[in-house]
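Quantities reported herein were computed from a predicted structural model and do not represent experimental measurements. Order of the sequence lines fixes the chain letters, A, B, ..., with proteins taken first and strands second; residue numbering starts at 1 for each chain.
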Protein chains: 2
Amino acid sequence: MPQRPTSRDVARLAGVSRTTVSLVLNNVPDVHISPETRQRVQEAARQLNYYPDAIARRLVSGRTRTIALVWHRGPDRTYRDAFLPGLLQGITRAARHYGYYVLFRPIEPDEPDDSYVELARGRHTDGLILSGPRSDASHLLQLYEDGFPITLHGQLPGTDIPSVDVDNVRGAAEAVNYLLTLGHRRIGMITNAPLEYTASRQRLDGYRQALEQAGLPYDESLVRYGNFDEESGQVAADDLLAQDERPTALFIASDMVAMGALRAIRLRGLQVPDDLCVVGFDDITAARFIVPALTTVRVPTFGLGWTAAELLIRIIEHDPPQQTKILLDTELVIRETCGAP
Amino acid sequence: MPQRPTSRDVARLAGVSRTTVSLVLNNVPDVHISPETRQRVQEAARQLNYYPDAIARRLVSGRTRTIALVWHRGPDRTYRDAFLPGLLQGITRAARHYGYYVLFRPIEPDEPDDSYVELARGRHTDGLILSGPRSDASHLLQLYEDGFPITLHGQLPGTDIPSVDVDNVRGAAEAVNYLLTLGHRRIGMITNAPLEYTASRQRLDGYRQALEQAGLPYDESLVRYGNFDEESGQVAADDLLAQDERPTALFIASDMVAMGALRAIRLRGLQVPDDLCVVGFDDITAARFIVPALTTVRVPTFGLGWTAAELLIRIIEHDPPQQTKILLDTELVIRETCGAP
DNA sequence: TAATGCTACTAACACGTGTTAGTAATACGT
DNA sequence: ACGTATTACTAACACGTGTTAGTAGCATTA
């Protein structure tokens, strides 16, 4: 890059002081500058192709106008591929709307969990969205207590850190209700992950609630535990279908796990939806394309991103909403795995 | 945030000058500071929980240690979902390896094409990776000629801007060769997009080259044009299969387009792979899960990201490699749409 | 006519760091 | 004993901007 022009160069060319340049270019209100001078300054800036230095601006304002997305999702590829694009787009759109930039910072498996702290303490960013908070995050709490703006994507029980998440309980309940409406009474479930994960527990809770409300007993022999990936789904479904009295429908709290389950079903020679109905969760891209197309619960990834960013920015700008624990609704997408709509 | 400690505070607590603090904490070589003083400084920094201010540091060094990914892919959701996660991970990993941060900047449809220029001119970033360059990008050329570090993901014919892309010609040729090896002689093709798109033209070229090398004529009646999405694939395949003499195999230069084509095939009552073989391109997630699983050409998204970032950083650090037009190899992933391997 | 208010500007400081040039104090060589 | 080299530091500048306090010059008011 050739020598960048500074506001001093613009001032010199326009024959005014640097202060005047700043006042004109930033359109500072209630300040008296003659129209001729204004025009001279603007002309000079254009002529030199002047862009103010963001770094210097940040130093004096004390604000970076940047928010960071800390992606802390372990090695779970599925989650990354299915949710990151929408989330990121929601975040960047909200950020742009409010005049912020977005820094993307994944935490790799070989890094210490708290390596994002430097981002905050070192003033790289005005606030951060942490996707996938861990319960052992003492640095996170310290940061929060020090007043650093933070929003969680996901939930961290036992704290009052602002957070945005999907209403897993409701989403799961709605899926199971749909199966109940279709007349199913023996509904099996496969979780998306072990119950240590909050979302897992909540989706199971939704399943229980729906059954309970329909006056059906919770039967543990109908529940299996997935572990994010396809293989776990195949194993779980196979085990579930090995029983004498098979369920007539399956609620599987993760589409990726459902992919494995569907394979197990196919290998047993069973037909979906004739022999067995299936509802998934997440609405990954593949759900639309498999045959029969998977009925599932859509997660509003864009909305999660937008909401988390907006919440964060309002906190940064000292205009926090009353509600700082936000749950977004899912949407049941009816396709073919429960029969034609 | 309570008052952040500065290096002045550390200096005061340690009873030394600010200069000494800087020298010690940055481990400046060839400078004589007694071990006792060093320890006093380090102890003070720890005690105050001091993190140097990134902004001030950038101002004095003139470097942001940040690179930006400008995502300029139009409204093409497919591309975003299939490539962004891997690309971004490759970029951030390389960035971290070299000590850089990553800014993500999508260009939304309602924005002017050149809105990323401010990122460079305003010194928000040390360099940028532009994914999806447009041929009418005069600002881009200006930026490049001014010496601003830029790497393209994709290609811009007629310039010598450093770029990283997939070897579309080779990838397509390999796919078609595979079909030829299986004995197919009448091979249809559906492009991924109109031929204005460089990648589209290249994949078609690969198809032609493979045929030519096998001594087969290029028959235009076997070629149709997709347009990114599923629908375009369904229409194209349907049209292709309406002919008297059907092809025995289809090379479809986009998995998403292939999804539509497969539907058209199914609706015509044809069986894959018995009546018709299919090879796709991109290896999207769904390719693994449909039945039969789609044989396709995998794009090394992570490698593209890593390479683009590494190239960019070497340019930023004035250590450019000789080769600045890089083509990465694809990988043919053999699944079931051409029969069992 | 003096006091006040308004217009159209500018000088100087602050932000927090890295770095260059310099300075005492001590050690070393002859 | 004297000049030189080395050690262990520090004062001061620079990075480029936003902003506060201030200053001439002129118009208006009492």
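Along DNA chain D, the nucleotide closest to B:Ala56 and the one closest to A:Val28 are compared, and the more 5′ of them pairs with B:Ala56.
Among the atoms of the strands shown, base atoms are found under 4.0 Å from some heavy atom of B:Ser22. Within the nucleic acid shown, B:Ser7 comes within 4.0 Å of sugar-phosphate atoms alone, with no base atom in reach, counting heavy atoms only. At a threshold of 4.0 angstrom between heavy atoms, the contacts of B:Thr19 include nucleobase atoms, whether or not backbone atoms are also involved. Residue A:Val16 is classed as a sugar-phosphate contact, given heavy-atom separations below 4.0 Å to backbone atoms only. Across all strands, B:Ser34 comes closer than 4.0 Å only to sugar-phosphate atoms, never to a base (heavy-atom distances).
Rounded to whole Å, the distance from CG on A:Leu23 to P on C:dA8 is 13 Å. In this structure, CZ of A:Arg8 is placed 8 Å from P of D:dC15, rounded to the nearest angstrom. Taking atom CG of A:Leu59 as the reference point, atom P of C:dG18 lies 12 Å away to the nearest angstrom. The distance from atom CZ of A:Arg4 to atom C1' of D:dG16 is 9 Å, rounded to the nearest whole Å. When the P atom of D:dC26 is taken as reference, atom NE2 of A:His32 falls 18 Å away, rounded to whole Å. Separating the CG atom of B:Asn27 from the P atom of C:dG18 is a distance of 12 Å, rounded to the nearest angstrom. A straight line from CD1 of B:Ile55 to P of D:dG16 spans 16 Å, rounded to a whole angstrom. With rounding to whole Å, A:Arg40 atom CZ is found 13 Å from C:dA8 atom P.
A donor-acceptor contact shorter than 3.5 Å is absent between the side chain of B:Ser115 and the backbone of B:Glu111. Listed for the A:Arg65 side chain is a donor-acceptor partner under 3.5 Å among the backbone atoms of A:Tyr98.
Between B:Tyr50 and C:dT17 there is a side-chain N or O to OP1 or OP2 distance below 4.0 Å. Distances shorter than 4.0 Å separate some side-chain N or O of B:Thr20 from OP1 or OP2 on D:dT10. Contact between the side-chain N/O atoms of B:Ser61 and the OP1/OP2 oxygens of D:dC15 is not found at any separation under 4.0 Å.
A donor and an acceptor atom sit less than 3.5 Å apart, one in the side chain of A:Arg18 and one in the base of D:dG18.
When only modelled atom types and interatomic distance are considered, B:Tyr100 and B:Arg63 share a side-chain donor-acceptor pair under 3.5 Å. Under the 3.5 Å distance criterion, with hydrogens and angles disregarded, no donor-acceptor pair is assigned to the side chains of B:Arg123 and B:Thr64.
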(request) Please lay out, stage by stage, how B:Glu317 and B:Arg314 fare under the test salt bridge (Lys or Arg N to Asp or Glu O under 4.0 Å). (result) CA-CA 5 Å; B:Glu317 302 190 340; B:Arg314 291 190 58 177; over 6 Å; no

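Distances from the side chain of B:Asn26 to the nucleotides C:dG18, C:dG16, D:dC9 place C:dG18 closest. Side-chain atoms of A:Asp53 lie closest to D:dG16 of the nucleotides D:dG18, D:dT10, D:dG16.
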